[in-house]
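Residue numbers start at 1 and run along the sequence shown.
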Amino acid sequence: MTTATELFRSARDFLLEHREDYATAYGGFTWPRPQHFNWALDWFDVIAEGNERTALHIVEEDGSEVRVSFAEMSARSDRVANWLRERGVRAEDRILVMLGNQVELWETALAAMKLRAVVIPATTLLGPADLRDRVDRGRVRHVIARAEDTGKFDDVPGDYTRVAVGGGTAPGWQAYEDASAAPAGFVPDGPTAADDPLMLYFTSGTTARPKLVEHTHVSYPVGHLATMYWIGLKPGDVHLNISSPGWAKHAWSNLFAPWNAEATVFLHNYTRFDAARLMAEMDRAGVTTFCAPPTVWRMLIQADLSQLATPPREVVAAGEPLNPEVIEQVRRAWGVTIRDGFGQTETAVQVSNSPGQVLKTGSMGRPSPGYRVELLDPVTGAPGADEGEIALDLSNRPVGLMTGYHGDPDRTAEAMAGGYYRTGDIGARDADGYLTYVGRADDVFKASDYKISPFELESALLEHEAVAEAAVVPAPDELRLAVPKAYVVLAAGWEPGPDTAKVLFEHSREVLAPYKRIRRLEFGELPKTVSGKIRRIELREATAAGSQDEYREEDFR
C-alpha cells in the first residue's frame, strides 16, 4: 500500500523533474490526495532523519547568526510538542503565534502540526485591538509570543495559556525556554485526517474587516508544491524570502515550499532596510533563490544592484503585481528576470511565470500545475471570457484551496458560487493562455466610460525616475464621472511641489492614452496594512473628501 509520504514524494519529484518544462508539468501533474497526512511527521521528520544539512539559517543585524540542521529542527520540535502537550495543548486547540523571524517560530509550527493543533499566525506589529479580535473570533486557547510583546495582552481578555519566548517572563506567562528540558521523541496521539484544520489566517484587510481563512493539513503543506515549482526550488538550494511572520506569504516561502524541496531557509533580520547589507549577506550565505514583495524590489532598484557579486539563479515577486520597469532594471543588473506569481491567502500560487517559460512583459504567466483557472464574464458570470474575474474551477478542486472563511458560511458560499472559487481579482487572457493582472474588482473604475486599471497607470508612473511608489484611485469629476488621481512617493533627490507635479503630468501625457492620463496628483506616504499592502480604501475615502494638497493637470496647461 502506498503511504502518504510516498504519494507526496512522487508528486514533488514529478515537478522537480519537469521544473523547466511547463507543458509536461501542467499536463501530467496530479495532486496527491492522501486520506491521512501530517506534514511535520510524514514529510519533515522523514527528510530530517540523520540529515545534518542546514534547514534554517538566520543572520541578525548585529552579525550574530544561528544555523539549525534538519535533524536538529526535528528533535527540537519534538521537545516543544511534548512540552506544549504538558501545558494542555490538544488536537484542534487554537494557538495564536506572535513571533518574529526566530528559530522558535519554526519549532512551534512543526510542534503544533505534530499535536494537530490549529495555528493562528499573527504579526508582531499587531496592537491590543487587533489581538482582541483574533483571540475572540479565533477562539484562541493558547498564545505564544515574544517576551517584549506580552504587555499587549494585558487588555486582551480570555482564558488562554500564555507562553513567552525570550526570557524575563511577566506574571502569568510561562517560559518557552523550559521546553528544551522536555522529553525527546514524540508519539502522536492519533492519525491526522487530511481535512483536519491546520491554520487560520486573518487576511490583511485592504478593503474591509479581515477575513478568517481556514486551511487544512493538505491545503497549505501539499498545495505549496505549486509554489515550490513556481519559485524553481530544488534540493540543496538556499532560499531567501522577505516576508514578515504572521502573513500567508511567510508560510508559503519560508516554511512549506523550501522544505518541500529540501532547501535551506535563509533569513536576514533588520530593523531598517539596507540594500547594500542585504546583498552582502545574500552573497555570504550563497542565496540561490530569492523572493521579495514589490515594495522591496522597488527599494532595491534605488541602490547599486551591482554590489551583489553572485545573483540568485531564480528571482520571483508576489503580493502585488510587479511593474515592468522594476523587472527591466533587475534584468540589466543581474542578468536574471523577476518572475511574477499570483495567489492569495486563500490559496497557494494559482498563476505564475515558472522557470523555462517564455516570459511576456506585464504578464503574470499561466495557471500553476494542478489549477484550472477561468475568467468569468463580468455580466453573465460564464467562464471563457477574454477578460473577467479570475476563478478556480471546483469540478476538480485544487488541493491548495482553503476550506472556506471560518465562521462565515454566507461569505464562503458567495466565494464558491456556481462551481467556481472567485478571487475578486480581474485578469485578461491572451491567445497563448498567458494571464495579465488588471486589478481588484473593487479597484477598477470607469472614467469617461472607459475602464481604468490602476495597475497599468501606476506602472507608467514608475517608469519615471522621480517615482518610488504610486497608487492610483478614482477622483470624482463632474464631466467624466471620475478621473485618475495618483498618490506618489518620490525617489531620493526629488522634492514635492508644483515643479515635480508638472514633470509627472508631462510624463503621463507622453506615455498614456488621453483617457488614461493622470488628471490629479498628490505627494505623500501611502497608507498600508501591517503586511505592507496599500490600503486603497483609505486613498479612495481621502480623495472623495478632497484635499488642499492636490495638484490638477489643468493648472499646468
Hey, is the main chain of K234 close enough, under 3.5 Å, to the side chain of D237 for a donor-acceptor pair? yes
So, for H57 and F266, is the gap between ring centers shorter than 6.0 Å? yes
Taking C-beta and beyond as the side chain, do V316 and S352 meet within less than 4.5 Å on heavy atoms? no
Keeping R422 on the side-chain end and A417 on the backbone end, is there a donor-acceptor pair under 3.5 Å? yes
Before giving the answer on salt bridge (Lys or Arg N to Asp or Glu O under 4.0 Å), spell out for R12 and E262 the whole-Å C-alpha distance, their side-chain angles and the decisive distance to 0.1 Å. CA-CA 11 Å; R12 184 204 74 151; E262 299 177 69; 2.8 Å; yes
With respect to S77, which candidate in K114, E72, E107 satisfies the side chain to side chain donor-acceptor pair (under 3.5 Å) definition? K114
For Q344 and Y220 the tightest heavy-atom approach is O-OH, 4.0 Å
Taking atom OG1 of T347 and atom CZ of F342, what is their separation to the nearest 0.5 Å? 7.0 Å
Atom CZ of residue position R366 - does it have more than 12 heavy atoms of other residues, nucleotides or ligands inside 6.0 Å? yes
Please check this pair: side chain of E389 against backbone of G424, looking for a donor-acceptor N/O pair closer than 3.5 Å. yes
Min side-chain heavy-atom separation S69-T54 under 4.5 Å: no
Apply salt bridge (Lys or Arg N to Asp or Glu O under 4.0 Å) to E414 and R411, showing your working. CA-CA 5 Å; E414 181 182 355; R411 180 172 273 173; 5.9 Å; no
To the nearest 0.5 Å, atom CE of M199 lies from atom CG of L255 at 6.0 Å
Got a second to check how far N269's CG is from E60's CD, nearest 0.5 Å? 4.5 Å
Exercise: do W106 and N254 side chains pair donor with acceptor under 3.5 Å: no
Looking at W259 and A55, would you say the former's side chain and the latter's main chain have a donor-acceptor pair under 3.5 Å? yes
Within the distance-only criterion (no hydrogens, no angle test), does the side chain of R79 pair as donor or acceptor with the backbone N or O of A182 below 3.5 angstrom? yes
Would you say the ring centers of W31 and Y371 fall short of 6.0 Å from each other? yes
Would you say D283 has more than 12 foreign heavy atoms packed within less than 6.0 Å of its CG? yes
Are E92 and R139 ion-paired here, with the side-chain N under 4.0 Å from a carboxylate O? no
Of L359, V351, N353, which is the lone residue that meets side-chain contact (heavy atoms from CB on, under 4.5 Å) with Y434? N353
Measure from the side-chain N and O atoms of W334 to the backbone N and O of L305, and report whether any donor-acceptor pair falls under 3.5 Å. yes
State, yes or no, whether a side-chain contact exists between R429 and L435 at a heavy-atom distance under 4.5 Å. yes
Taking all heavy atoms of L401 and all of H215, pick out the closest pair and write down the distance. C-CE1, 4.2 Å
Checking V163 against W83 for the side chain to side chain contact (heavy atoms under 4.5 Å, CB included) test, could you report, in this order, the C-alpha distance in whole Å, the side-chain angles of both residues, the deciding distance, and whether it holds? CA-CA 11 Å; V163 176; W83 186 78; 3.9 Å; yes
Taking C-beta and beyond as the side chain, do N38 and P188 meet within less than 4.5 Å on heavy atoms? no
Under the ring pair (Phe, Tyr, Trp, His ring centres under 6.0 Å) test, which residues partner Y420, sequence neighbours left out? none
Please find the pair of heavy atoms, one from A348 and one from G223, that lie closest to each other, and give the distance. CB-O, 3.3 Å
Rounded to the nearest 0.5 Å, what separates atom CE in M416 from atom CG in L394? 6.0 Å
Nearest heavy-atom contact between V80 and A111 is CG1-CB, 3.7 Å
Should V218 and R33 be marked as a side chain to side chain contact (heavy atoms under 4.5 Å, CB included) after you check the CA-CA gap, both sets of side-chain angles, and the distance that decides it? CA-CA 8 Å; V218 296; R33 299 180 188 270; over 6 Å; no
Give a yes or no answer on whether the side chain of S74 reaches the backbone of F70 with a donor-acceptor pair at less than 3.5 Å. no
Is D189 paired with R90 through a side-chain N to carboxylate O contact shorter than 4.0 Å? no
Check whether F202 forms a cation-pi arrangement with R134 (NZ or CZ under 6.0 Å from the six-membered ring centre, at most 45° off the ring normal). yes
For A317, all residues meeting side chain to side chain contact (heavy atoms under 4.5 Å, CB included), sequence neighbours excluded: W297, L322, I338, D340
Residues M228, F256; criterion side chain to side chain contact (heavy atoms under 4.5 Å, CB included); working and verdict: CA-CA 8 Å; M228 177 198 77; F256 295 119; over 6 Å; no
Heavy-atom side-chain contact between R94 and L200 under 4.5 Å: yes
Distance-minimising heavy-atom pair for H250 and L105: CE1-CD2, 3.5 Å
Please check if the side chain of R313 supplies one atom and the backbone of T289 the other of a donor-acceptor pair under 3.5 Å. no
Is there a side chain to side chain contact (heavy atoms under 4.5 Å, CB included) between L392 and V373? Walk through the geometry before answering. CA-CA 5 Å; L392 301 180; V373 177; 3.8 Å; yes
Short question: side chain of N51, backbone of I47 - any donor-acceptor pair under 3.5 Å? yes
Could you check whether any side-chain heavy atom of L56 comes within less than 4.5 Å of a side-chain heavy atom of T264, counting everything from C-beta outward? no
Side chains of V103 and M73: closer than 4.5 Å at any heavy-atom pair? yes
Any side-chain heavy-atom pair of E281 and E65 under 4.5 Å: no
Ionic contact status for R9 with E6, cut-off 4.0 Å: no
Hey, is R536 close enough to E458 for a salt bridge, meaning N to O under 4.0 Å? yes
Do T216 and D195 have side-chain atoms, one donor and one acceptor, less than 3.5 Å apart? no
Drop me the distance from C291's SG to H239's NE2, to the nearest 0.5 angstrom. 5.5 Å
Do N260 and H224 meet the criterion of a side-chain donor-acceptor pair at a distance under 3.5 Å? no
Quick one: closest heavy-atom pair of G343 and W252, and the distance? CA-CH2, 3.6 Å
Would D42 and T5 count as a side-chain hydrogen bond (donor to acceptor under 3.5 Å, both in side chains) if you check the C-alpha gap in whole Å, the side-chain angles of each, and the deciding distance to 0.1 Å? CA-CA 6 Å; D42 298 325; T5 303; 4.5 Å; no
What distance separates H406 NE2 from R137 CZ, expressed to the nearest 0.5 Å? 10.0 Å
Quick one: do R331 and E328 make a salt bridge, cutoff under 4.0 Å? yes
